[in-house]
Visitor: 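My questions all concern the structure below.
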Amino acid sequence: MPSVGQDLGAYLRQEMMPTVWCPGCGHGIIAQGIAAALKEVGTDLDQVVVVGGIGCSGRTPFYMNTGAMHTTHGRALAFATGLKMARPQLTVIVAMGDGDALAIGGNHFIHAARRNIDLTVVLYNNSIYGMTGGQSAPTTPQGSHSTTTPLGSIEPNFDAPTLAIAAGATFVARSTTFDFQEMPKLIARAIRHPGFSMVEVLSQCPTYFGRLNRLGEAPEMLFLERDQTIPLHDLPPVEITREVLVGKRPIGVFREEAMPEYTQRYRELCAAAGGVYDA
Amino acid sequence: MPSVGQDLGAYLRQEMMPTVWCPGCGHGIIAQGIAAALKEVGTDLDQVVVVGGIGCSGRTPFYMNTGAMHTTHGRALAFATGLKMARPQLTVIVAMGDGDALAIGGNHFIHAARRNIDLTVVLYNNSIYGMTGGQSAPTTPQGSHSTTTPLGSIEPNFDAPTLAIAAGATFVARSTTFDFQEMPKLIARAIRHPGFSMVEVLSQCPTYFGRLNRLGEAPEMLFLERDQTIPLHDLPPVEITREVLVGKRPIGVFREEAMPEYTQRYRELCAAAGGVYDA
Amino acid sequence: MRKDPLRVRLSGRGGQGIILAGTMLAEAAMQDGLKVVQTQSYGPEARLGASKSEVVISSRDIAFPEVLMPDLVLCFSREAYQKFGRHVSPGGVVLLEQSILKDVPDAQGQTLPLRDTARELGKELVLNVVGLAALVAVTEAVSRESLRAALTHRMKAEFLELNVAALEAGFALGEAVASRA
Amino acid sequence: MRKDPLRVRLSGRGGQGIILAGTMLAEAAMQDGLKVVQTQSYGPEARLGASKSEVVISSRDIAFPEVLMPDLVLCFSREAYQKFGRHVSPGGVVLLEQSILKDVPDAQGQTLPLRDTARELGKELVLNVVGLAALVAVTEAVSRESLRAALTHRMKAEFLELNVAALEAGFALGEAVASRA
Amino acid sequence: MTEKALQFTQRDRMLTVQRDWCKGCNLCIGSCPAGILSLDDGERIVVEDIERCIFCGVCAARCPDFVFTLARIPEAQMAMGGSQCD
Amino acid sequence: MTEKALQFTQRDRMLTVQRDWCKGCNLCIGSCPAGILSLDDGERIVVEDIERCIFCGVCAARCPDFVFTLARIPEAQMAMGGSQCD
Amino acid sequence: MRLIQGNEAVALGAAAAGCDFYAGYPITPATEIMEQMARILPARGGVFIQMEDELSAVAAAIGAAWGGARAMTATSGPGFSLMQEHIGYAAMTQTPCVIVDSQRGGPSTGLPTLPAQGEVMQARFGSHGDRVAITLTASSVLSAYEVTARAFALSETYRQPVIVLLDAVLSHMRENVDLPEITPVPRETAASAQDRQPFGDNPFVPFGEGRRTVVTGLAHDESGLPKTAGGKAVERMLRSLEERLRHDAREITHFQAYRLEDASVALLAYGITARAAHEAVDALRQEGVAAGLLDLQTLWPFPDYLVQEIAERVDTILVPELNLGQYVIAVQAAVQGRCRVVPLGRADGDLFTPEEIAAAAREVQDAKGGIVHA
Amino acid sequence: MRLIQGNEAVALGAAAAGCDFYAGYPITPATEIMEQMARILPARGGVFIQMEDELSAVAAAIGAAWGGARAMTATSGPGFSLMQEHIGYAAMTQTPCVIVDSQRGGPSTGLPTLPAQGEVMQARFGSHGDRVAITLTASSVLSAYEVTARAFALSETYRQPVIVLLDAVLSHMRENVDLPEITPVPRETAASAQDRQPFGDNPFVPFGEGRRTVVTGLAHDESGLPKTAGGKAVERMLRSLEERLRHDAREITHFQAYRLEDASVALLAYGITARAAHEAVDALRQEGVAAGLLDLQTLWPFPDYLVQEIAERVDTILVPELNLGQYVIAVQAAVQGRCRVVPLGRADGDLFTPEEIAAAAREVQDAKGGIVHA
Ligand SMILES: Cc1ncc(C[n+]2csc(CCOP(=O)(O)OP(=O)(O)O)c2C)c(N)n1
Ligand SMILES: Cc1ncc(C[n+]2csc(CCOP(=O)(O)OP(=O)(O)O)c2C)c(N)n1
Ligand code: SF4
Ligand code: SF4
Ligand code: SF4
Ligand code: SF4
Ligand code: SF4
Ligand code: SF4
Ligand SMILES: [Mg+2]
Ligand SMILES: [Mg+2]
């Protein structure tokens, strides 16, 4: 099988194509990464549900040939938590935008991480609210322009991996849409990880973030991703401070740790109570 | 002036006494700590607003002889953010329970921290939901009993300082109700800190957490606080990992860093736009 | 000569076990083959304030669940007496913990040393059971066997022995009053 | 012989500047001293799908804001033509970007090389201005001076020069059609 | 129903005890270095022997219910011969 | 209105191009090592000279719109003399 | 015969109806439902989870339903307000689930330990857009048990969220009851639903059973796909549900009619208030006032047929409720002048006493006559 | 004369009314209000802040009001659902603030770019407990400007949250308008309010002006203290507000009556739908049908007096609205049989055309007669 550009036809919901995404939007590359990861992991697609929030990114479930749940803005992880608990044998992947996951959905994000429940979040970080037309997000770098920060944002941004680790996530990684070889592999690793996993993928929104910040078209933005990141080959988490990296964002795996997973702990609780969970 | 037991009469709203709190509840000690801190800082009480959420802890504003805003469960920081932005000269202190701040209110907590807005959160952490009668909180230690974890909690708990730092808080400390000398000083330091500050105070809830976990009455619980914590005199944040401390929670200041404060940055933004904020 | 329906109000401070006492009374009445409704009321400020638990006992279906005018009243604390203890139906019975008299010298009702009795048993916490047993002994609201059964059903095993003692002490107290009357 | 009210529908793909064109047309009509309502419509799936912008121009107050049967139609894309371009009031005018004919050979309306003209000017983005100007030249929906003023008002300074060129090119295209007719 | 607060003075210090706010939690009792605090029959705090009080204020710091207040009497008032505090 | 996807084969590999999903973003074009991709007049992708294609799949990996699919033709089918894929 | 609390009855009713998933967030006076479920479910291998707030509690329940669970959550006013977005989502995605709201004094934090009936209109109109949610209420511990079980059954039949309204008194009240056995409504298997579309009037098939359904809160048609479906499809499906509910109104509507046959004054009451109204009827009858009671257990869809029928026969309908006059608006709208409709509201945290209701009834009786349009 | 968009008019109307605080969260079709405020406010030294969600957006606005600001937020359906808890809090704490909801197709995510009027009942009943919020709506860009400014004035006068309902078409529509000057309502100074209680029918005094008010969503009385005040105080204050609103109904109620004098069929429409209804009236009149229009700008408190007066004079009131029949319920409840009330709903994301409304009016006209009670 060729290592890039494999046949993902069976993983895609063809009748929903073409996608709603703008020309050059990075989200399609991430969606493809999820499909490739699913292929690599080899799970029965009947037992996979891709859950999305609301946002351009949140449309991902429509394009995956799996169970698909397009939920509400910010709450995808809460739906996914119920789904996973009710049927723990499902592989549940949660596609969320940066605004979706970290603005309105920040609480569900940290709580799902805290529980260490076996969900895989793919965080589509395009530094902006795409779907609503280019407002600032909690990931918008300070100084950047958006329609709600016409003079440049005055707010510091979240660093998603730092937050995820602080909250308790046990697999945390970052990649980019430039990195088409690593990104699907990281997602696959995240899916295989038994516990809460999060892969942040830096994505380009040429329509808004690119245009408002004069970063060029999609190809230029892709190269910026390359230039503004630096691979951290499995460095221990202690080293991740923004200072060290002089403006570059590290990519790679920040944390990968085996900790008791939530549905597993729940199984043990039921056993102790005399019940059989998920027989 | 005696260093302990100072005359705080002017700082208390006498007509609301006695408090609603149970006998031996630590919350009154924290409230007293806030009063003492206000005295130490010396702010005009007309220019102070104590904002509370909903919970036993959230009742604090009623007992402070300042402006008082008792809001909704989990959202105190959102109200406080609007209040502070509208009238930045106010000193705004936010009294929140652990459930209030970290369960339902987790998102506002991380976002207020991210903005580094000059609010002081006093987090009353009694490891449980007191007001509603002893349900588990995101701070309930794994294995502990509550009315919703009758067999012991299977969820890992948040570490509030770690989360606050990851989110961007610039002054982060922890103390206990045992520590009646340090605790008000930390709160005073937090109030003086120009930026988002958080002092977590470990508090005893003899009525629920104590009873359900057989920890004895209030005096016993106070000594447990002493025994289960370890002072960390201004260690750098890098050292704070649960492992290092073998079951003891560090107390002291975890982070104190000068970073541009939000109302100040907003002031500059207005100036750049030609407006005068807070003339 | 028990009224039907019989309306009982138990009252005290938060933490004095009023609701558990009401539940046991209701359960005993159920054991006696009657219909019961037990309700309770406490304000958010009532951790130390007055709270009450009411039980309606009847041989027929009970529509309105609360007690507007009780036939039997039991009060454990001053606040409770002042808030809930002053009204009783004609011919009704009011039993008061005797220390209430200290604060409210003109309190109307039979006073009993409930708290002292509980303390003598070693734990003031059994006050509720002492009081309830005394009320039952005075009024025969429910049968003693049923109340014993209800206590056994509702009480955690580890506290059972102590509470059975409290129950019997309460019965004794109540009998003394009844014989006085 | 302009209709009053005059109902205009501009349509194209998301990103082709339809709404801005509608706004400029409305603004020009306002300059002409008329009342205007401009509305727009795009589905959530319409980033590349068809979107439209409608302008009602009248000397009197305008009640219903949308255009049910347009008097003038301008279409920039196939999808837009298929969705919005097929209806026009009797005597109405339909202007089509000529490449639509390739996909829809039986398309009804006057075709113009709008895209080619825009490309010749160096940026396909000015397609909307070329088309709008052509429409105005053909129909005299608004005065050219007003349209020029509207363009100056609504366009960012850095793009103004290019767009003025596009405007004039569009007028020229439109005149050619008008003289053909 | 509020009892008037008790006031005790010693040199420039005054200890005020608002007994009717006391909930009988025992927190102050074990902390008083002089060991002079206890609960009365109604579970309210009593200062048994004020003479032995060292006016340290630990009771005030420990009490969650604002029962104790330890204040310094301003020198001016001292000169006037005692407490005018309220 | 959907055009049938184009299919190109070379030994055991097949490149499928679903042209009508293309949005003309240019992302594939600069990445194609053979430099054989461009946009047509309608801003849709064209493979100019499939002979020079090295069937590397980079275009597929870069395209956000699932336009390209690079697949291996199973040996069995190869034996039967060509593509039966759909 | 057992002595149980209203909240306990809800938990037991849910369990009896096959509930195997509870997600919640504590709030007075609903908390005991959650605490009960925390004991009941693990022992049966069901799922109990305490979520971070009410938004996520109901979201988790909906997610769990799609995982094949019979799911519920319970809350009180403030939490019920927070759930409104997702109740709409459940309606749009045709997800069976049960939401219990034990009403306390409001607005806002209000009177957390005292009863109210302030959410009867919110249950119907609390979400943006037009969503339907069958809403039931109970007036006794036994009916709390039965109504909760019925809520599960209705949510299966109509594939919709079903709301159960309690109040602080009923939640905490104990009565001795014999709990009837309940058989959970069976679910169609994925296989039997094979050739049907996933939405519309078709069976509910959860994920993981061989079908890769697309679930979305966007406008979609019976296929679930939002691609081409516009508003027409949404409207069609909403109206079709409305139609089914109207058609089945007589089965869905549960009520108790008491001495209504020859009444001239009808009390229309629901929930805890119906109990005082019941006693009021007896008192009024003793005085010779021809009073009767319609004790409604099904609040929504509004039982037009039933109320209109009564309105034709009585002079006045008096609507006592623990709010400032909410459900009475729906009654007035349904009655449309067939008889007088008189509101009787209170919102101070107390129950109506029988005498208060009787007094109001006496007053309307005295002022008898047709509708007086001032 | 300027060509501006509905959302822009809202921003300008707010600014003209003295708004100096905006907290929001983006959502189609309300986002442009926020984007405008992001430009307007910093340049005036006012505060613009993008919050983390809608819960916090309205909370921040309420907090800001207590900081002395004239505060607003704007959203659309999903966000409006999320705001309900805090709208109740604002009501309970008598906090002046303005909430704009630009309605889009629902339920749930629904039809995000298409118009609807699905929140007219939610505006009234969306929060738990009994809260009141004056609700206004607009049908033109100019009225969007004026109504927003009026919302600020009313929120000052009654110390209550005021809701402004728009829809996706009006929000994005451009019209050429002359914007009138507006003078912000003056506020009493803390000094002049000195001897008054902080709540009830007393002036609003923010924090930091020398008064240490206690603000709480718990039951409280005019002093603000929750200590002894029970439900009686809440009910008293709620009823007193209701009373004031009823008393002032004629000033609060804004409407346009068009050809109603001799009408036999009255169209009762609001917002964007009123425009089609206006054209429908003209068309009907041309055919000889005596149609008229009541274009309501004040939806809540419901203008009983006005609607009842019309109901006395016409045969039928037809209520076209972009939902499945919501406001018509309130109309029916107010009319109580004085005339026929006929709903005309649609929820597919399209506007009613004038012809559709005219057709429905013709139909009711043909079926003329008294109320037919089926
Ligand atoms: C409750 C609610 N608030 C707001 C919105 C509007 N909304 C839709 S998507 C979105 C943000 C999208 O940004 P992001 O999550 O970063 O995803 P992207 O579109 O950038 O992929 C917002 C605010 C909504 N649908 N629901
Ligand atoms: C929206 C909402 N959900 C739930 C509640 C009920 N509630 C009140 S306080 C509280 C938790 C209190 O716990 P915590 O915040 O830890 O404060 P504590 O009482 O322990 O000081 C809850 C769940 C509420 N008032 N509002
Ligand atoms: S708006 Fe941005 S994020 Fe959304 S589809 Fe377009 S490019 Fe992608
Ligand atoms: S319940 Fe716990 S936290 Fe609340 S007042 Fe009592 S002891 Fe304190
Ligand atoms: S001041 Fe010190 S010595 Fe005196 S009672 Fe208090 S703790 Fe004891
Ligand atoms: S600490 Fe305070 S409340 Fe507790 S016993 Fe002492 S005086 Fe009383
Ligand atoms: S497979 Fe490789 S060489 Fe062939 S078109 Fe794609 S990128 Fe170019
Ligand atoms: S990357 Fe895909 S969408 Fe973009 S030009 Fe190439 S084929 Fe077209
Ligand atoms: Mg984004
Ligand atoms: Mg707590």
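Letters A, B, ... are given to chains in the order of the sequence lines, protein chains preceding strands, and every chain is numbered from 1. Every value quoted in this text rests on a predicted model; they were computed, and no experiment measured them. What you see below is based on every heavy atom in this structure, not just the backbone, and it leaves out hydrogens, waters and symmetry mates.
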Visitor: If we only count heavy atoms from C-beta on, is the H/Val58 to B/Arg75 side-chain gap below 4.5 Å?
Guide: no

Visitor: Ignoring hydrogens, what is the shortest heavy-atom contact between H/Gly45 and B/Cys270? Give both atom names and the distance.
Guide: CA-SG, 4.1 Å

Visitor: Rounded to the nearest 0.5 Å, what separation is found between the OH atom of B/Tyr277 and the CG atom of H/Leu41?
Guide: 11.5 Å

Visitor: Between B/Arg87 and H/Pro206, is any pair of side-chain heavy atoms under 4.5 Å apart?
Guide: yes

Visitor: Under 4.5 Å from any heavy atom of chain B, what part of H/Ala43 do you find: side chain, backbone, both or neither?
Guide: both

Visitor: Give the minimum heavy-atom separation between B/Tyr266 and H/Gly46, together with the two atoms involved.
Guide: OH-O, 2.7 Å

Visitor: Could you tell me which of B/Asp44, B/Leu45, B/Asn107 has the largest number of non-hydrogen atom pairs under 4.5 Å with chain H?
Guide: B/Leu45

Visitor: In the structure I gave you, are the side-chain heavy atoms of H/Ile49 and B/Tyr262 within less than 4.5 Å of one another anywhere?
Guide: yes

Visitor: CZ of B/Arg115 to CE of H/Met51: how many Å apart, nearest 0.5 Å?
Guide: 4.5 Å

Visitor: Within the structure provided, determine whether H/Thr216 and B/Phe62 are in side-chain contact (heavy-atom separation under 4.5 Å).
Guide: yes

Visitor: Tell me, side chain or backbone of B/Leu77 under 4.5 Å from chain H's heavy atoms, or both, or neither?
Guide: neither

Visitor: Look at B/Pro61, B/Ala273, B/Ala68, B/Gly67 and state which one has the largest set of heavy-atom pairs under 4.5 Å with chain H.
Guide: B/Ala68

Visitor: Side-chain contact test, heavy atoms from C-beta onward, threshold under 4.5 Å: evaluate it for H/Asp53 versus B/His108 and give yes or no.
Guide: yes

Visitor: Please list all pairs meeting salt bridge (Lys or Arg N to Asp or Glu O under 4.0 Å) that have one or both residues in residues 67-83 of chain H, counting only residues at least two apart or in different chains.
Guide: H/Arg70-H/Glu156

Visitor: Is any side-chain heavy atom of B/Met16 less than 4.5 Å from a side-chain heavy atom of H/Val214?
Guide: no

Visitor: Need one label for B/Thr66: side chain, backbone, both or neither, based on atoms under 4.5 Å from any heavy atom in chain H.
Guide: backbone

Visitor: Return yes when atom CZ of H/Arg39 has more than 12 non-hydrogen atoms of other residues, nucleotides or ligands closer than 6.0 Å, and no otherwise.
Guide: no

Visitor: Given the options B/Val48, B/Leu269, B/Thr71, which has more heavy-atom pairs under 4.5 Å with chain H than any of the others?
Guide: B/Thr71

Visitor: Run H/Arg212 and B/Arg13 through side chain to side chain contact (heavy atoms under 4.5 Å, CB included) and show every step you take.
Guide: CA-CA 10 Å; H/Arg212 304 183 194 163; B/Arg13 196 181 293 269; 4.2 Å; yes

Visitor: Pick from H/Tyr89, H/Phe21, H/Phe48: which one has the most heavy-atom pairs with chain B under 4.5 Å?
Guide: H/Tyr89

Visitor: By a 4.5 Å heavy-atom criterion (distance strictly below it), what part of B/Glu15 contacts chain H: side chain, backbone, both, or neither?
Guide: both

Visitor: Got a second to check how far H/Arg211's CZ is from B/Asp46's CG, nearest 0.5 Å?
Guide: 11.5 Å

Visitor: Which pair of non-hydrogen atoms, one from H/Phe207 and one from B/Leu83, has the smallest distance, and what is that distance?
Guide: CD1-CD1, 3.9 Å

Visitor: Please classify the contact of B/Arg114 with chain H as side chain, backbone, both or neither, using a heavy-atom distance under 4.5 Å.
Guide: neither

Visitor: Quick one: what part of B/Arg267 sits under 4.5 Å from any heavy atom of chain H, side chain, backbone, both or neither?
Guide: neither

